[in-house]
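Since the structure comes first, as structure tokens, the remarks are kept for the end.
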Amino acid sequence: MNNLYKYTKNIALFITSSLAGIILFVWIMSINLGTSVMTSGFHKKLLEKNNIYDEVQNEINNLVQSIFTDLSRQLPQLGDQQEEILAILEGSISPQMVKTNLDTIADGLFKYFNGEKSFLPDIIIDTDPTSLQSSNAAEGDSSEDTSDITNSEYVLSKIKRVNLNAILLSINRSDILDMLLFIKLIYFIMDFAPVFCALLLLLLFLKSLLLGKNIKEMLNWLFRVLMTCSILCIITAIFCLVYSYKILPGNIYMLSVAIPLKSEVLLSYIRDCFVPLFVFFTASGILMVLLAFLVVSLNKVANKFSSVNINIFKFKNFSIKHKKILKYTTIMLLLIFSLSLFCFELYSFKKEFESNNFSNLISRLTNSNSYTEVISAKDDTIYMLQIKLVDAKDNSPILGIQINVNGKTDNPEKYYNIAGETDETGTVKFTLGKGTFHLAFSPAEGSTDYILPSPFFYELKSVGTTMLTVNLSKNQALTQSTGITEIEVLDENNHPVEGIELYVDSEKNSPQHPEPTPSADVLHSASSKNPEPSGNPDRFFSVTNEEGIAVFKLPSGIYNVKFSPDKLPKDYKAPELFEINCSPNLTTRYTIRLVKSPR
């Protein structure tokens, strides 16, 4: 019986030490990533080192030049105003604007990933409106100062920023939005990882402390913990090295498909990201080995005290019955306390997980149930890819989904970047070649009720027609959930204006008509921090904060936004009624610039 007890105890100590080593490794990894790769300062240095600013400038210039060339060929009848707008846009893309945007986007993205902001950053549009501002300052009357300025210049001078979320939605790149949200999920998990790891280490240490009878057993347990962690650190360091120089070069093309930069630049950038990981994990592994052997050297000292019992429940004046009561009572208190903290963290994790809409992301990432059937063709040189989208419940075809296919063939090398829309049968066909292609799904117009699969790579290797059928499920949450709309109010100098009250009618697409101004009591009760009052009100109110932002949480749909006239500064005139589109589970921002009343 004693042998069985010792055997069971040794197994329990071994398991707890292995788990503790793994958890210690995860804790070290979260600390390493949180102080290096997952910070904006780290990537700003890499942007400078790898000359990303110039590369992006060249790519943008080539893209804009290509667009202008195509427009000049396809639309030779462009009017003077359109040509002037294109010329202003072409001249506004400067190296300083590119650098400013990259830095702004980097800061904004990392704030978005860390949960400091709920929306993506803005892209700054530099159309050099200094001349317009200087003339306004000199004359003081904007209506008269713009007489010598063309309408296109005036319009572009008013466009300062465009939200990245709006741009990605307008070009049907929901796959990029999903990827950014997935990165935010990783940040979210890594933010909770140190706390969870500390609590789990505490539980395992208490467990081993109760099982261990003397100092020597505890030192052996600590040795196994350190060795397990060191082995994992060294394996991770070796993986970083092998992946950077052996695996990554052969697969860098897959990244260059999604990121329009040269493969050499991407390869250098990613390798620079792996360098601090390799150094940190190598140093951590060596440190853990040294600590483990230091613990082994302490065994000699522990042998002198091997007769000393460290059982915390050993008291001479206590009977055996009282010792057992004290022991199990202490164990229960420690477990309850530790588990209470653990459950509290789990509750916080679950609450934050739901508030950040990660559940829909997981559904989109896991909801791709597809199968492939190959049908031979008579022509052995034709590689045809036929994609069919059907409802997962009734197999009915899904139309109106755009599928983007890009990639290159194996031999000869030929690049494809084409798109197609599913027809009434839910089918779209592509004539390609043998090779690996990147497939991305997005709604052709507006949004869709279905959960679209995340982009993936598909290898076309069979001659003939390859039929790929994808089963999609409806996203019931889209019709039930609400969206957030942020309205930013700026003055003529682009400074935020605080205390401006806005309201929308609860009826969607409500017509424009004059309405009486609400009383002060109603305004006061409606302009609380929560813009959505309880029940089913006729209107929703919100007041701009110190950043000039008013927030509305509304059911999905289109609404008309109005300004409360008595809440506007006297020098400014009330903007006209404008329309907002509240998208489900998304944060959309609109920017309104106030105009001074004519004197």
Side-chain angles (χ1 to χ4, degrees), residues 104 108 117-127 129 132-133 136-137 141-143 145-146 149 151-167 169-170 483-506 508-515 517-518 523 526-527 529 531-532 539-554 556-583 586-598:
T104 303
K117 290 186 175 180
S118 58
F119 50 87
L120 294 175
D122 296 332
I123 294 179
I124 301 173
I125 301 178
D126 180 16
T127 56
L132 178 63
Q133 293 179 354
N136 286 344
D141 189 354
S142 60
S143 62
D145 294 336
T146 59
I149 301 174
N151 292 332
S152 59
E153 289 177 331
Y154 180 77
V155 171
L156 288 174
S157 68
K158 295 299 181 183
I159 303 176
K160 303 299 180 182
R161 293 178 293 178
V162 180
N163 190 261
L164 182 59
N165 186 87
I167 294 177
L169 287 177
S170 65
I484 296 177
T485 299
E486 298 178 340
I487 301 176
E488 183 182 38
V489 181
L490 305 176
D491 60 14
E492 59 179 0
N493 297 319
N494 296 327
H495 295 151
V497 182
E498 184 179 1
I500 302 296
E501 184 178 76
L502 302 90
Y503 65 92
V504 300
D505 294 326
S506 60
K508 303 176 185 178
N509 296 308
S510 59
Q512 181 179 2
H513 55 84
E515 299 185 27
T517 303
L523 295 179
S527 60
K529 292 183 179 180
E532 182 180 358
R539 291 179 179 177
F540 299 97
F541 291 85
S542 183
V543 178
T544 57
N545 56 21
E546 59 183 7
E547 297 180 356
I549 298 175
V551 181
F552 289 96
K553 185 177 181 182
L554 303 166
S556 59
I558 298 176
Y559 298 86
N560 292 324
V561 181
K562 306 173 186 177
F563 284 75
S564 297
D566 57 342
K567 294 294 183 178
L568 280 171
K570 296 180 179 179
D571 296 338
Y572 293 93
K573 65 179 181 180
E576 296 181 357
L577 176 146
F578 65 96
E579 192 178 80
I580 62 172
N581 186 2
C582 192
S583 302
L586 290 176
T587 300
T588 309
R589 172 177 284 195
Y590 296 83
T591 300
I592 302 298
R593 186 167 288 100
L594 299 179
V595 178
K596 282 193 174 182
S597 302

I need the [X] [atom1] to [Y] [atom2] distance, nearest 0.5 Å.
X	Y	atom1	atom2	value
L490	T544	CG	OG1	10.0 Å
I580	I487	CD1	CD1	4.5 Å
L554	F540	CG	CZ	5.5 Å
R593	E488	CZ	CD	8.5 Å

**OP:** Mind listing the closest non-hydrogen atom pair of E579 and Y590 along with its distance?
**Re:** O-CE2, 4.2 Å
Subject >> Residues forming a side-chain contact (heavy atoms from CB on, under 4.5 Å) with D491, sequence neighbours excluded >> reply: N493, H495, V497, Y572
Original post:
Of all residues at least two apart in sequence or in a different chain, which pass the side-chain contact (heavy atoms from CB on, under 4.5 Å) check with E547?
Top reply: N545, I549
Original post:
How about P575 and L568: do any of their side-chain heavy atoms sit closer than 4.5 Å?
Top reply: yes
Original post:
Can you find a pair of side-chain heavy atoms, one from T588 and one from N581, that are under 4.5 Å apart?
Top reply: no
Original post:
Counting only N and O atoms by type, is there a donor-acceptor contact under 3.5 Å from the side chain of S542 to the main-chain atoms of F552?
Top reply: no
